[in-house]
2 protein chains.
Amino acid sequence: MVNDQKIKVAVDAIVFGYKNSALYVLLVQQKYGPMKGKWVLPGGLVQTDESLSEAVRRELKEEAGIQVNYLEQLYTFGDDIHRDPRGRVISVAYFALADPAKFSLQADTDAEDAQWFDMDSMPAAGYDHAVIITAAHDRLRNKLSYQPIGFDLLDKEFLFSELENLYCTILGSEIDRRNFRKKIMSYGIVDETNKTASVGSGRPGKLFRFNTRKYQSLQKVGFHFEINLRK
Amino acid sequence: MVNDQKIKVAVDAIVFGYKNSALYVLLVQQKYGPMKGKWVLPGGLVQTDESLSEAVRRELKEEAGIQVNYLEQLYTFGDDIHRDPRGRVISVAYFALADPAKFSLQADTDAEDAQWFDMDSMPAAGYDHAVIITAAHDRLRNKLSYQPIGFDLLDKEFLFSELENLYCTILGSEIDRRNFRKKIMSYGIVDETNKTASVGSGRPGKLFRFNTRKYQSLQKVGFHFEINLRK
DNA sequence: TCAAAAGTGTTGAGTTTACACCCATGC
DNA sequence: GCATGGGTGTAAACTCAACACTTTTGA
């Protein structure tokens, strides 16, 4: 094993949030370095004695003061050897979903500012982060249709219409409200509460809750979630 | 950006091969280092000026003299900070499928020997490579049912029975030959040749060929391959 | 002529899609 | 009382799963 390798290891997080029928991504404004002033994904170099996922959580806390609901490794970007102007840096990118209740942010170390950006009006991101965001966006759309992760983007208790909107917005397709509700309810992983909530005008709707326990126990039995919105 | 990071970046490849109704994985025997004599996945440290995927291909050539048919990034293992006894090393693992025609191997640099091992009788692999192999095996089974990658494990021209066997073996389930053939043929991505081949005894079968062009053009139109073998 | 593998259709069950009207509330 | 969103069932189309016998070859 020759020891002359000069590669740095970074992590970056793509955190999605959902609010008012729009999808948001968390970006931070660089305080120092070659990307000073630019908006980039929260992230940074991994410390020698911390795990990759610890590094992501630490950076998210430091740079944006946020805790996420769901976190999984997305992809390791290291094929473009010039992706970072400071030298060879590979980045292990993580895909995350944030609790919409914790939508308040606060920048700290390394970051000038932290903000949610509507996916439909993103600033030009620094480094190759636009590419990473695209990959994460693809993963989100994909995952939404075969894993019940939409619930991690909603409040603990939600209206069915919010879930419908989430699917329509992110998958960019129409929905048949009756069939959609039938399908979701058929899995038995969403419980009806006896509370209701109204959203401005119109008849108030029942609040629902995702049943994590039931989902996990069904998963062990080999259960397959799938939502296909064609058209 | 503090510069005291002491993390090495390695790549490892899990190369699957298929022959005589059995699934094989490529391992190499370490020539040097703490795992001397142990069987491990082909791989090694990434050079500062090469991309990750170049590194994988280079290591595969150096350590086993093999070229693969299909290569994709699997996962980056870096949560266990003691996974390598020599210090902090993260490994970007790649999932690969080998052309069965190129089943001959030759060890070279760093590797004492290179061999195919039947998945049903694997030696205890060094480092955390057993974990990596399990992850790759899961990916293979998963991918087989929603992406036509089985063909990369077969010869260019193959018998339908070989494809059937491949699916049965890897997914570990029974198959209905009629329904299976109907399903595969319905996608129109497999062409019949006018050659036949016989496998020992019995009636000879037609040879088929995977139509890569057609598959790619269908993909653009948004086409969905899926093979579900229940039971 | 026997053993071994190849090839081939139909039917019933289950799932998915399409579709429209009444209900509860706030203004 | 009207505008707004919430809630609900059924029939037709389609897809999937089950199932068994005939054909071709080599020994």
Side-chain angles (χ1 to χ4, degrees), chain A residues 19-22 145-146 154-155 157-169 171 173-209 218 222-231, chain B residues 19-21 144-146 154-155 157-169 171 173-209 218 222-231:
Chain A
K19 209 176 190 181
N20 301 129
S21 299
S145 42
Y146 66 86
L154 291 176
D155 230 318
E157 304 197 323
F158 55 88
L159 294 167
F160 230 95
S161 57
E162 294 174 314
L163 190 64
E164 285 165 16
N165 272 325
L166 188 149
Y167 272 84
C168 292
T169 307
L171 298 181
S173 42
E174 303 272 299
I175 215 172
D176 180 302
R177 282 167 53 234
R178 274 183 288 192
N179 293 339
F180 180 76
R181 181 187 278 238
K182 243 184 295 176
K183 190 74 174 278
I184 295 278
M185 293 316 271
S186 74
Y187 293 126
I189 53 176
V190 169
D191 296 337
E192 193 173 317
T193 68
N194 43 22
K195 300 177 218 164
T196 59
S198 107
V199 50
S201 71
R203 172 176 171 179
K206 288 178 203 148
L207 285 170
F208 293 82
R209 197 189 296 231
L218 280 172
F223 139 92
H224 184 57
F225 177 89
E226 188 161 357
I227 299 290
N228 282 320
L229 304 182
R230 337 222 150 163
K231 195 186 300 185
Chain B
K19 209 175 191 182
N20 301 130
S21 299
L144 208 56
S145 44
Y146 67 84
L154 293 176
D155 230 320
E157 303 196 326
F158 54 88
L159 294 167
F160 230 94
S161 58
E162 296 175 313
L163 190 63
E164 285 165 15
N165 272 325
L166 188 149
Y167 271 84
C168 291
T169 306
L171 298 182
S173 41
E174 303 271 301
I175 214 171
D176 179 301
R177 285 168 51 236
R178 273 183 287 195
N179 291 339
F180 181 76
R181 181 187 277 239
K182 242 183 296 174
K183 191 72 173 281
I184 295 279
M185 293 315 272
S186 75
Y187 293 127
I189 53 177
V190 170
D191 295 338
E192 192 174 317
T193 67
N194 42 24
K195 299 176 220 164
T196 60
S198 107
V199 51
S201 70
R203 171 177 174 178
K206 288 180 202 147
L207 285 170
F208 292 83
R209 196 189 294 231
L218 279 172
F223 139 90
H224 184 57
F225 177 89
E226 189 161 355
I227 299 290
N228 282 320
L229 305 183
R230 334 226 153 160
K231 195 186 303 183

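A, B, ... follow the sequence lines: proteins, then strands. Residue 1 opens every chain.
- Across the protein-nucleic acid pair, B:Met185 atom CE and C:dA6 atom P stand 15 Å apart, rounded to whole Å.
- A tilted orientation is assigned to the rings of A:Phe225 and A:Tyr187, their planes being inclined by 30° to 60°.
- Closest contact between the side chain of B:Ser161 and the listed nucleotides C:dA6, D:dT25, C:dA18 involves C:dA6.
- Residue B:Phe158 contributes atom CZ, which lies 13 Å from atom P of C:dA6 at whole-angstrom precision.
- Within the structure, every side-chain polar atom (N or O) of B:Ser201 is placed at least 4.0 Å from both OP1 and OP2 of D:dG26.
- Within 4.0 Å (heavy atoms only), B:Lys206 reaches sugar-phosphate atoms of the nucleic acid but no base atom.
- Considering only heavy atoms from C-beta on, A:Glu162 stays 4.5 Å or farther from A:Phe208 through its side chain.
- Taking CD1 of A:Ile175 as the start and OH of A:Tyr167 as the end, the distance is 9.0 Å to the nearest 0.5 Å.
- Whole-Å rounding puts the A:Phe160 CZ to C:dC23 P distance at 22 Å.
- Heavy-atom nearest nucleotides on DNA chain C were determined for B:Asp176 and for A:Asp176, and the one closer to the 5' end corresponds to B:Asp176.
- The line from CD of A:Glu157 to CG of A:Leu159 is 10.0 Å long, rounded to the nearest 0.5 Å.
- Regarding contacts with the backbone of D:dG9, every side-chain N or O of A:Arg178 stays at 4.0 angstrom or more from both OP1 and OP2.
- Rounded to an integer number of Å, the gap from B:Leu163 CG to C:dA5 C1' is 16 Å.
- Residues A:Lys182 and A:Ser198 both approach DNA chain C. Their nearest nucleotides, taken by heavy-atom distance, put A:Lys182 toward the 5′ side.
- For B:Lys183, counting side-chain heavy atoms from C-beta on, the closest listed nucleotide (C:dC19, C:dG9, D:dC16) is D:dC16.
- Rounded to an integer number of Å, the gap from B:His224 NE2 to C:dT16 P is 13 Å.
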Please assess A:Phe158 against A:Leu166 for the test side chain to side chain contact (heavy atoms under 4.5 Å, CB included), listing each intermediate value before the final yes or no. CA-CA 11 Å; A:Phe158 55 88; A:Leu166 188 149; over 6 Å; no

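- Taking only distance into account, the side chain of B:Arg203 meets the base of D:dT23 through a donor-acceptor pair shorter than 3.5 Å.
- One can place CG of A:Asn179 at 13 Å from C1' of D:dA13, the figure rounded to the nearest angstrom.
- Regarding A:Phe180, its CZ atom lies at a distance of 19 Å from the C1' atom of D:dG9, rounded to whole Å.
- Protein atom CZ of A:Arg177 is 14 Å distant from nucleotide atom P of D:dG9, rounded to whole Å.
- Closest approach to the A:Arg181 side chain among C:dT25, C:dG7, D:dT8 is made by D:dT8 (side chain taken as heavy atoms from C-beta onward).
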